[in-house]
Amino acid sequence: MNDVLPYPPSGNTWLHTGRWRWVEERFRQVCRRYGYREIRTPILELTDLFVRSVGEGTDIVSKEMFNLVDRGGRRLTLKPEGTAPVVRAIIEHEMLAAHPLLKLYYIGQNFRNERGQKGRYRQHQQLGVEAFGSADPALDAEVIELAVRFYREIGITDQQLQINSVGCPQCRPAYREELKQYVKPTLSEMCGDCKSRYEVNPLRMLDCKAPHDVEILSGAPKLLDWLCEDCGEHFRSLRRHLEVMSVPHQIAPQLVRGFDYYTKTAFEITSGGLGSQNALGGGGRYDGLVEDCGGPAAPGIGFGLGMERCLIAMDSLGIEFETEDEAPAVFLVALGESAKSAAVGLLTKIRGAGISADMDYVGKSLKAQMRLAGKLGARLVLLIGENELKEGVVSFRNMMTSQQETVPQSEVIQRIQSWAME
RNA sequence: GCGGCUGUAGCUCAGUUGGUUAGAGCGCCAGGUUGUGGCCCUGGAGGUCGUGGGUUCAAAUCCCGUCAGCCGCCCCA
């Protein structure tokens, strides 16, 4: 969990709201360009939703969810991932009836109860897309290419895309047995995690990092060789589309994702500079998920990417970008009580005309008010004192050139507007 | 869940083998003559040394607990 501040903090410069907005806006732009519409789902969902979709044996469900019980005795969970809530929402609102092909994107908070470290937080923000209603590998390619393009557009030049197929309920069981047969003789030499994975989720052994296990598994049968005709053709087709799109990618036979709902396509995008959490984002196809959650039989594919990891990767690559100008265009300086009152009226008028403006509220001296105007970055200072009040004018000071002029009160708005044009 | 490290002013940190009123830079505030910012000069405010306990004549400093953060493992975003 992190506080993201309005002013760039020293050190962790990525904890700055300006940067977050910039990345979010880029993501929105890309999603809109590809025909995805925004959806927002609640932070709380019924615990059961995640248990059924993500899978009982997964790390997330078995040890990483923030659970709570409400006063009605319902078991609720702070959402640990974004896909299941979206699936729940589209079923509840029968969205597929009106939009047989439904393309959605989201930006939201996820929660996982685990030990934090660089790039991994108990509350983190994910940006993601989900596309429902088509099993066409071209849609897989679209989603993957969208992700790759997004990273490229925010300047992450060292991204690497890895793809794999995790099969389907038709072909996966046979492979699972084959893998178990292969591992069985050497199971006693493997790490404790793998011993339990052997029983609970054998495929997860494939991405074990223990050196000896990696050695053992290097000769293991490949999932890609055991795909059924449908899954095999889907994967080959996906690759052809990626070639046509000129999206560089590597095949990663050991790539297995941590959720049970994935079928066929699985992919991950990594970047250097992230430490041991090198995944920027990942996703895959989930053709049985909507039906499993009580909806129509609709295939789907999506991905999620971590906001914090994007920002950290950008920092480590030294990516610069323009932050929007949040300085007030105009700063009002008032001298004395009656001038203050006139300034308040003027301030309101200026803001009402759509111009950003601000003034002092802590009783600063003229000098201090000027200092504040300078610090805030105001380009124009409007000064009202006894002299100006008497003559019905306002002094305009151009903070860039230090030139000053007087303007009749009735023409102030007009003058600010024309001044902005100069 | 396991292992390691850190915790002193708003921020980044210093603080000698335990020893007077705990320091610096930056930031903040105020002045540098009559109503004018940036640079410069001067001054000022601000800290129960994360927290609880212990050792000692004496603890920011040593020991233990606790909380928080960071880093690695696991896993993931």
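By convention in this document, chain letters (A, B, ...) are assigned in the order of the sequence lines, proteins followed by strands, and residues within each chain are numbered from 1.
- The distance between the ring centers of Y261(A) and F259(A) falls below 6.0 angstrom.
- Base pairing annotation: C49(B) forms no Watson-Crick or G-U wobble pair, as no partner gives both donor-acceptor distances under 3.5 Å.
- In this structure, the nucleotide among U36(B), C76(B), C70(B) sitting nearest to the side chain of Y121(A) is C70(B).
- For the pair K79(A) and F50(A), the NZ or CZ position fails the cation-pi test of under 6.0 Å to the six-membered ring centre and within 45 degrees of the ring normal.
- Close to G32(B), at under 4.0 Å from its OP1 or OP2, lies no side-chain N or O of K367(A).
- Counting any heavy atom pair closer than 4.0 Å across all strands shown, Q125(A) reaches no nucleic acid atom.
- The number of heavy atoms from other shown groups lying within 6.0 Å of CD (E189(A)) is above 12.
- When the C1' atom of G27(B) is taken as reference, atom CG of L372(A) falls 15 Å away, rounded to whole Å.
- Spacing between G10(B) and C63(B) at atom C1', rounded to whole Å, works out to 33 Å.
- A30(B) and G38(B) have their P atoms separated by 12 Å, with the value rounded to a whole Å.
- As rounded to the nearest Å, U20(B) and G1(B) have C1' atoms that lie 49 Å from one another.
- The pairing partner recorded for A77(B) is none, the criterion being a Watson-Crick or G-U wobble arrangement whose two distances lie under 3.5 angstrom.
- When distances are taken from the side chain of S402(A) to each of G37(B), C70(B), U36(B), the shortest belongs to G37(B).
- Look at G7(B): its Watson-Crick or wobble partner, with both distances under 3.5 angstrom, is C67(B).
- D207(A) comes within 4.0 angstrom of the backbone, heavy atoms only, and of no base.
- In the set C29(B), G35(B), A77(B), A77(B) carries the atom at the smallest distance from any side-chain atom of R120(A).
- For Q109(A) against A77(B), a side-chain-to-base donor-acceptor contact under 3.5 Å is absent.
- C2(B) and G72(B) make up a base pair, with Watson-Crick or G-U wobble contacts both under 3.5 Å.
- Residues R21(A) and T17(A) meet the side-chain proximity criterion, which asks for heavy atoms closer than 4.5 Å.
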Discussion item. Pair L44(A), T77(A) - check side-chain contact (heavy atoms from CB on, under 4.5 Å), show working.
Written reply: CA-CA 6 Å; L44(A) 283 173; T77(A) 295; over 6 Å; no
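- Of the charged side-chain nitrogens involved, at least one lies within less than 4.0 Å of a carboxylate oxygen, so that R32(A) and E25(A) count as a salt-bridged pair.
- With C1' as the reference atom, G18(B) and C62(B) are 8 Å apart, rounded to whole Å.
- Judged by closest nucleotide on RNA chain B, A378(A) is the one of D59(A) and A378(A) placed further toward the 5' end.
- Taking atom NZ on K364(A) and atom P on U36(B), their separation rounds to 17 Å, with Å as the unit.
- With hydrogens and angles left out, the side chain of R115(A) and the base of G72(B) share no donor-acceptor pair within 3.5 Å.
- Rounded to a whole angstrom, the distance from the C1' atom of C67(B) to that of C29(B) is 34 Å.
- Using N1 to N3 plus N6-O4 or O6-N4 for Watson-Crick, or N1-O2 and O6-N3 for G-U wobble, each under 3.5 Å, A24(B) pairs with U12(B).
- Taking atom CG of L78(A) as the reference point, atom P of A77(B) lies 17 Å away to the nearest angstrom.
- Separating the C1' atom of G27(B) from that of C71(B) is a span of 29 Å, rounded to the nearest Å.
- Taking atom CD of residue Q159(A) and atom C1' of nucleotide A77(B), one finds them 15 Å apart after rounding to whole Å.
- The base of G31(B) is not paired with the side chain of S365(A) by any donor and acceptor separated by under 3.5 Å.
- Within 3.5 Å, no donor on the side chain of Q369(A) pairs with an acceptor on the base of G35(B), nor the reverse.
- Atom CD of E64(A) is separated from atom P of C76(B) by 8 Å (rounded to the nearest Å).
- Contacts of R379(A) with the nucleic acid, taken as non-hydrogen atoms under 4.0 Å apart, are absent.
- Taking the side chain of L335(A) as heavy atoms from C-beta on, and the options C70(B), C76(B), G35(B), the nearest nucleotide is G35(B).
- In this structure U55(B) sits in no base pair that meets the Watson-Crick or G-U test at under 3.5 Å.
- Look at K375(A) and you'll find a side-chain N or O under 4.0 angstrom from OP1 or OP2 of C28(B).
- Of the charged side-chain nitrogens involved, none lies within less than 4.0 Å of a carboxylate oxygen, so that D140(A) and K264(A) do not count as a salt-bridged pair.
- Taking the side chain as every heavy atom from C-beta outward, S338(A) and E386(A) approach each other to under 4.5 Å.
- Where A373(A) and G363(A) meet RNA chain B, the nucleotide closest to each residue was compared, and G363(A) sits on the side nearer the 5' end.
- Residue R371(A) places none of its side-chain N or O atoms closer than 4.0 Å to OP1 or OP2 of G32(B).
- Rounded to a whole angstrom, the distance from the P atom of U8(B) to that of U61(B) is 13 Å.
- Distances from the side chain of Q404(A) to the nucleotides U36(B), G35(B), C70(B) place U36(B) closest.
- R257(A) has a side-chain polar atom (N or O) that falls below the 4.0 Å cut-off from OP1 or OP2 of A77(B).
- If you check A30(B) for Watson-Crick or wobble pairing at under 3.5 angstrom, you find it paired to U42(B).
- In this structure, D360(A) places its CG atom 10 Å from P of C29(B), rounding to the nearest Å.
- Here the P atom of nucleotide U36(B) and the CD atom of E388(A) are 12 Å apart, to the nearest Å.
- Residue F111(A) is out of contact with every strand shown, counting any heavy-atom pair closer than 4.0 Å.
- One finds the CG atom of L217(A) at 6.5 Å from the SG atom of C194(A) (value rounded to the nearest 0.5 Å).
- Closest to the side chain of R122(A), out of A77(B), G69(B), C29(B), is G69(B).
- For the OP1/OP2 pair of G72(B) and a distance below 4.0 Å, the side-chain nitrogens and oxygens of Q117(A) include at least one atom meeting the criterion.
- The same atom, C1', is picked in A59(B) and in G69(B); the two are 24 Å apart, to the nearest Å.
- Rounded to a whole Å, the CG atom of L366(A) is 12 Å from the P atom of A30(B).
- For R397(A), the side-chain atoms get nearest to U36(B) when compared with the rest of G35(B), C76(B), U36(B).
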